Each structure stands twice: as structure tokens, then as C-alpha cells.
Amino acid sequence: MPDILSLSKLKILIISHNRIQYLDLSVFKFNQELEYLDLSHNNLEKISCHPTLNLKHLDLSFNPFDALPICQEFGNMSQLEFLGLSATQLQKSSVQSITRLHISKVLLVLGDTYGEREDAKSLQDLKTQSLHIVFPAGKEFHFILDVSVSTTVSLELSNIKCVLDDNGCPYFENVLSKLQKNSRLSNLTLNNIEITWNSFIMILQLVWRTNIEYFSISNVKLQGYLDSRDFDYSDTSLKALSIHKVVHDVFSLPQGYVYKLLSNMNIQHLTVSAAHMVHMVCPSQISPFLYLNFSNNLLTDTVFKNCTNLANLKTLILQKNQLKELVNIVHMTQEMKSLQQLDVSQNSLMYDESEGNCPWARNLLSLNMSSNILTDSVFRCLPPWIEVLDLHNNRIRSIPKDVTGLENLQELNLASNSLAHLPGCGIFSSLSILIIDYNSISNPSADFFQSCQKIRSLKAGNNPFQCSCELRDFIQSVGQVSSEVVEGWPESYKCDYPESYKGTLLKDFHVSELSCNTALLIVTIVVPGLVLAAAMTVLCIYLDLPWYLRMVCQWTQTRRRARNVPLEELQRTLQFHAFISYSEHDSAWVKNELIPNLEKEDIRICLHERNFVAGKSIVENIINCIEKSYKSIFVLSPNFVQSEWCHYELYFAHHNLFHEGSDNLILILLDPIPQYSIPSSYHKLRALMAQRTYLEWPKEKSKHGLFWANLRASINIKLMGKAAEIH
């Protein structure tokens, strides 16, 4: 306990189910905000009180106190709402200190040694709205306690055992008979009862004549035989009777009598659950029943068959029974003209369309058929004016598109089925609540919210969502509605496929517009491709690129062949000292000046008009001439620049196969060439004229001798197999 001294803000302390034997309430003097203290189920025999404690909830029940543990200081607990007590002895004086308090509920647990000689009036001065008395468990009821506390509205009595007396249960009957004095008592609950059948019926009859309106009996064990006696239904205030969890060990019981007794009760609400009932008969006359609950029994499809005396019934619960054929349930409701709510969940209901129409009760508004074995066909067997429909945990795979007559449906629960698609509201024009989680929906439609304009709540989480472009549209549509509409968002909405996105929240799944929009993707990829193709086509046509590429290809093939031949062997193939490239417009100077001055010095010249081989392509002839020539002489002039063939010859000669890295080009500038007149595509010529020295043809005759001497000096080669050597 010292550990709680520092907890000045402590409000709730639960230390039940321990072995505490003594408690000094002064230990809580520093816990001034303490409101809830639970000390039940300990070994407390004595407590020491503290005057300043002001609790709302104090539980001292299920402790071995001899006398009621009520301190004088308890009278100052003006906020006390719940008080749990234990005692083996009761004295009227014990409660005097709290008689001024108006406590909402008092729990009194009587110890095992509590006896019949105690003060019967000991509780009369209590002021509480709800009183719960727990008698000693397993002990025959021989007590004379007067429980008719004047202020009590609700009374609960637990552990009633009366099986030894053949004359019934006189002591307990005496307790119940005194309840008539309490005009305020309206609720009575009996819990954990072990009595005979005759005593059970007698208890019902006694309560029938009191002012009690709501009577509940739970955890009942019935023994012995039942004498069939008349039951007096007259002069009662009872409105509702609830009997829950009944066990009986007599198999020769006249069940017909029990069913008749229950069915003819002139009350509004009757519940008999977990009682192993195998049948229930129709009331013998028009019944005032508004509510019947026979859940968790063994009822079959024949229950209330052709029953016309339940015309006032509004709610019928047959949950967790042995119902099998839905058509039988439909016909059962036909005579229930006022039926509005029906619960047949947790059965084994099936429906076959071949069984015909489904003439449901016309006023049925709420139908629970969850946890059955119904399939898609159930949508063709629904009440016409249904507003609330629960079909979760069935075997539904899809909703038939031709279903009609569900315009009034407002709430639909299809959770835990096998639906692959999120249904629209075409046939559910009034739908406002849809529960469809735990299905097989992978790509919910983005048009759902547009189709379901009245939807107020959608619960579609925990489905195997496939994170794709289709889902992206649904995610965007979710973002456009209120967060309160989509329940469980975002934590219940996760990607299941592909593996790379598994477990990712849908709100965190992002994919680009380009990858999802086919039209945009086509525009982005195809259009630029077409533009590029068109541009390439124009360039090819303008620059004659295909022809140029063919020549490069041929040159490349020739170069590859040459690399496989040794250099010495290649040199032996040289036949000419020089190959001359010139424009036809400059042919007069070449033939009259250049060739005569070179050949007179035994320099062998290769010319295209006399050395090209017929039948070969021009490109191949150009390459062959360059291959067989030691030097390539280019006669440069404005005419040369205008000739495409001259440009190609210059290109191939610059990439001479046999003199790679050597000075194999000789440039002769016949006439000046302005830089601006050289086309931009002739970048090789521009580069060569900028980087290399060239021989310029002099106009003065006096300088011609020096020009020819320099040109001959540029050609210095001894052809293999030839005697001539040029210097």
C-alpha cells in the first residue's frame, strides 16, 4: 500500500481477488481524488475507517466479515452510488449510519454461516434503488429475511436452493409474498436457482400476483415431477418474463403442459432461451404477445405452423435453433399480421427457387438471416417492404441483377460472404448503410458513391484488395466523401496483391496518372514516336541518309576484311602512287597540268574514269582505288565543295585502311574556298582545312616549278615488286 501514497491523482483502484486480511482506510488519505475502490474477493475480516474518504464506488463484498463492515464515517459519503457488503450476521443497527444516503445499488453477500435466526427486518431502513442479495451457495433456503426494502425498484436474489422439502419452498415463498408490500418494486431477478418443477410453477404464480412488471430467471436447475395444475393468469402487473439457461433432469416431463402454460401468458414480452425447448404451441386465443424470444433452443420449422393467434406479435427471435427450410419460415409469418422484426440467424436455413413464391408478412421491416447456408437465390425470397436486412456469414457470391422490389431497403449487411464486387444501388435506391467487409472484393467500383447517393455508412474493409489502376479510382472517390461515411478507413483497408504492396494501406498506395490513363499513355508515347519518325523520314529524304548509310556499311565491311590481312601483304597490293579526286569542272587543269607533270616522273596515278572497274558499285570502286593507292590527292575548289562524290571520296580517304595514323592525304587548293561556302554537312572538309597544311596552286608561272617539286616530295614510296623509287 505505501506505493499508492504518491499517486495523488488516483481515481480508480481495483485490488480484488487477493489475500488482503486487514485494511486501514487512512492509507488513502493522500488520494483525495479516489472515487472507485474495489476490495472484493479478499480475506478481509476487519477494516479501520478514515473520516475524509468520499467514494462513489466501494466494494467490500465476498470477504469473511462477521458483521456488516459499515463504518460511522460511511454516512459522510454523500456521492456513494455503489456499496458492496459481506456479512454472516445481520442487525438492523448495522445500517443506521448510512440510512441518510440514497445509494443507487447495494450488493449484499451473505456468508456461509448465515442462519434463519437473524433479524428479518435488518435491511428495512436501507435507501437504495437496486438491491442484490447473494445467499450462501449450495445451502437449502431456510431464511426469513425481509427483502421488501421500500425504496427498491430492482431486486436480484442469487443462490436459491430448495429441493429437499416435499411441500415446496415455504421459506422462499414467504420472502416473495412480502414483496407485495413494496409498491415501487418493478424488477425482480432470480439467479442460480435449484428447485423442483412444482416450486418453479408456484414461484411464477406468486410473482404473477405482485406489482412486479419485469421478471427474469436465469441459470435454473429443475428437479422432480410436475403436477399439471391450473395457472391463474388474472390480476397481474407483469409485462415481461425472461427465462434463461434451464437444465432439468426429468425426461417424463409433460412438455405439452409447460408449452401451453407459457404460450397462454397474458403478457407482452416472453423470453425462453437456452432451455432445450423442442417445440412451442400456438396460443389458444388471440395473444397480447408483442415480443417473443426463443433463441438457443431446439425448435424446428414446424414451430407456430398455421398459428393465427399471434396477430399482435411485432418481434420474433428464433436465433440458434434447428430451422432448415426458409420457405417454412415464410409461411409461418403469413398469419403474423403485425410482425415487423424477425431474427432467424445461426440456423441451417436454405432456399431453393423451385419451392415457389415467398409470401412474407407484409409489415416485416427487419430480417436477420445471418449465419445460415443461404446462397444468391435468397434475394428472390425477401419481404417486399424490408428496410433492414442482415445476411452476413452465408454463402452468397453475387447479387442477381434481375432482383426487384427492394426499393425500401435502407440497411444491408453482407459481411463474411464470398462477394467479388461492391454492389451498386441500382436495385437498392434507398440504401444508406452497407456492411460488406470480409468478402472477396479486389477491385471495388469507383462509381459506388455516385450510384449510392443516400449512403451514410460503408464498411468494406478487410477485403483482398488488388492495388491497381482500377483501385486508384476507388481510393480517389473515398477521398471525396466524409471520413465518417467509410467506416474503418484507413486501418482496415489494405493491399493484398501484388506482393510488393501487400499490407500497404490503400491511402498510401499511389500510381501515376500516366500509367493508368491509356489514352494519355498513347499520346505520350505514340505521338512523340510518330513525330520522331516523321522527322527522321524528312531528314533521310533531305540528306539522302539511306544512300549514305549504305556506303558506310560497305566501307565497314571492307575495313573488317582488311583487318584480317597483315600490313606487309597489304603494302604488296599497292599499285598506284596516288589517287586523284577532283570535280569534273576542274578536269581541264587536272588532265592538262597535274597528270602530265606527275606521270613524267614515273608516278602512277589512279583516276576514276580509267581505273574504275565496270560492274562494281561506285562506292566499292572508290574504296578499291584508295586501297591500291599510297596517297590520295584532292583538288580543292568551289566546284569540289559542290560535288557530293568528292565529299565521299574525301571521307573514305581520311579513314584510309592501310595508312591509319599516317599522312596519306595531299590537299591542293586550286582556287580559294570561302569558309561560308562550305556546307555544314561537310564537317570533314572544314576540319581538314583548319588542321592540315595544303599546297596552293600559284597563279604566277615562275612559282610553278617549286609547286611541282613540293608535290613530288609529298609522294615518297617504293612500290613492292617495282624497280622505280620516287624521291
Side-chain angles (χ1 to χ4, degrees), residues 1-111 122-134 147 149-156 158 184 187 189 191 484 491:
M1 289 297 184
D3 295 338
I4 68 171
L5 295 177
S6 60
L7 304 176
S8 59
K9 300 295 183 179
L10 184 65
K11 291 188 176 183
I12 299 175
L13 178 61
I14 301 175
I15 46 178
S16 61
H17 296 86
N18 283 284
R19 299 178 181 178
I20 302 173
Q21 297 179 348
Y22 174 77
L23 177 65
D24 186 348
L25 292 180
S26 63
V27 73
F28 303 113
K29 62 183 178 181
F30 296 110
N31 308 108
Q32 294 299 311
E33 296 187 21
L34 187 64
E35 298 178 347
Y36 189 107
L37 179 59
D38 186 351
L39 292 162
S40 63
H41 299 277
N42 277 285
N43 295 325
L44 287 170
E45 297 180 358
K46 185 179 180 181
I47 61 172
S48 175
C49 301
H50 187 271
T52 58
L53 209 59
N54 195 12
L55 299 170
K56 291 183 179 180
H57 183 107
L58 175 60
D59 193 351
L60 299 170
S61 63
F62 296 97
N63 281 286
F65 292 107
D66 288 332
L68 289 174
I70 300 178
C71 301
Q72 188 69 31
E73 290 81 3
F74 284 9
N76 297 323
M77 294 184 185
S78 57
Q79 300 184 57
L80 193 63
E81 297 174 355
F82 175 90
L83 177 61
L85 302 170
S86 297
T88 56
Q89 301 176 14
L90 293 181
Q91 296 179 357
K92 191 173 183 179
S93 59
S94 301
V95 300
Q96 290 303 313
S97 59
I98 60 172
T99 54
R100 294 183 293 108
L101 300 179
H102 294 272
I103 306 172
S104 296
K105 182 174 182 177
V106 172
L107 169 62
L108 174 59
V109 180
L110 300 177
S122 57
L123 301 178
Q124 293 302 296
D125 293 333
L126 272 178
K127 291 183 176 60
T128 179
Q129 292 182 346
S130 177
L131 176 61
H132 182 188
I133 301 176
V134 180
V147 296
V149 178
S150 60
T151 59
T152 300
V153 175
S154 177
L155 174 64
E156 181 174 356
S158 297
R184 298 192 59 185
N187 294 273
T189 300
N191 187 30
E484 298 177 356
E491 59 275 2

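Here the structure is a predicted model, which is why all the values come from computation and not from measurement.
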> Would Gln96 and Asp125 count as having a side-chain donor-acceptor pair, cut-off 3.5 Å?
Replying inline: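 Checked: Gln96/Asp125 side chains pair up, N/O donor to acceptor below 3.5 Å.
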>> Between Asn63 and Ile20, does the side-chain contact (heavy atoms from CB on, under 4.5 Å) criterion hold? Intermediate values first, please.
In response: CA-CA 10 Å; Asn63 281 286; Ile20 302 173; over 6 Å; no
>> So which atom in Ser150 and which in Arg184 form the shortest heavy-atom distance, rounded to 0.1 Å?
In response: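 Where Ser150 meets Arg184 most closely, the heavy atoms are O-CD, 3.6 Å.
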>> Using every non-hydrogen atom in the two residues, find where Leu80 and Leu83 come nearest and quote the distance to one decimal.
In response: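 Between these two residues, the closest heavy atoms are CD2-CB, 4.0 Å.
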> OH of Tyr22: more than 12 outside heavy atoms within 6.0 angstrom?
Replying inline: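 It does: Tyr22 OH has more than 12 such atoms within range.
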>> Does Glu491, at its CD atom, have more than 12 non-hydrogen atoms belonging to other residues, nucleotides or ligands within less than 6.0 Å?
In response: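 Yes, CD of Glu491 has more than 12 neighbouring heavy atoms, counting only those of other groups under 6.0 Å.
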Taking [Y]'s backbone N and O only, do any of them form a donor-acceptor pair with [X]'s side chain (distance below 3.5 Å, no angle check)?
{"X": "Ser86", "Y": "Phe62", "answer": "yes"}
{"X": "Ser97", "Y": "Gly75", "answer": "no"}
{"X": "Ser8", "Y": "Asn31", "answer": "no"}
{"X": "Thr151", "Y": "Thr128", "answer": "yes"}
{"X": "Lys56", "Y": "Glu81", "answer": "no"}
{"X": "Asn42", "Y": "Leu44", "answer": "no"}

Non-hydrogen side-chain atoms of [X] and [Y] separated by less than 4.5 Å:
{"X": "Leu37", "Y": "Asp59", "answer": "no"}
{"X": "Leu123", "Y": "Leu108", "answer": "yes"}
{"X": "Phe82", "Y": "Leu107", "answer": "yes"}
{"X": "Phe74", "Y": "Asn76", "answer": "no"}

> Would you call Glu33 and Lys9 a salt bridge, taking side-chain N to carboxylate O under 4.0 Å as the test?
Replying inline: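 Judged by the 4.0 Å cut-off on N to carboxylate O distance, Glu33 and Lys9 do form a salt bridge.
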>> One pair to check against side-chain contact (heavy atoms from CB on, under 4.5 Å): Val134 and Leu110. What are the steps and the verdict?
In response: CA-CA 6 Å; Val134 180; Leu110 300 177; over 6 Å; no
> Do Leu55 and Glu35 pass the side-chain contact (heavy atoms from CB on, under 4.5 Å) test, and can you show the C-alpha distance, the side-chain angles, and the key distance before you say yes or no?
Replying inline: CA-CA 4 Å; Leu55 299 170; Glu35 298 178 347; 5.6 Å; no
>> Can you tell me which residue among Leu155, Val106, Leu131 is in a side-chain contact (heavy atoms from CB on, under 4.5 Å) with Val149?
In response: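 For Val149, the side-chain contact (heavy atoms from CB on, under 4.5 Å) check succeeds only for Leu131.
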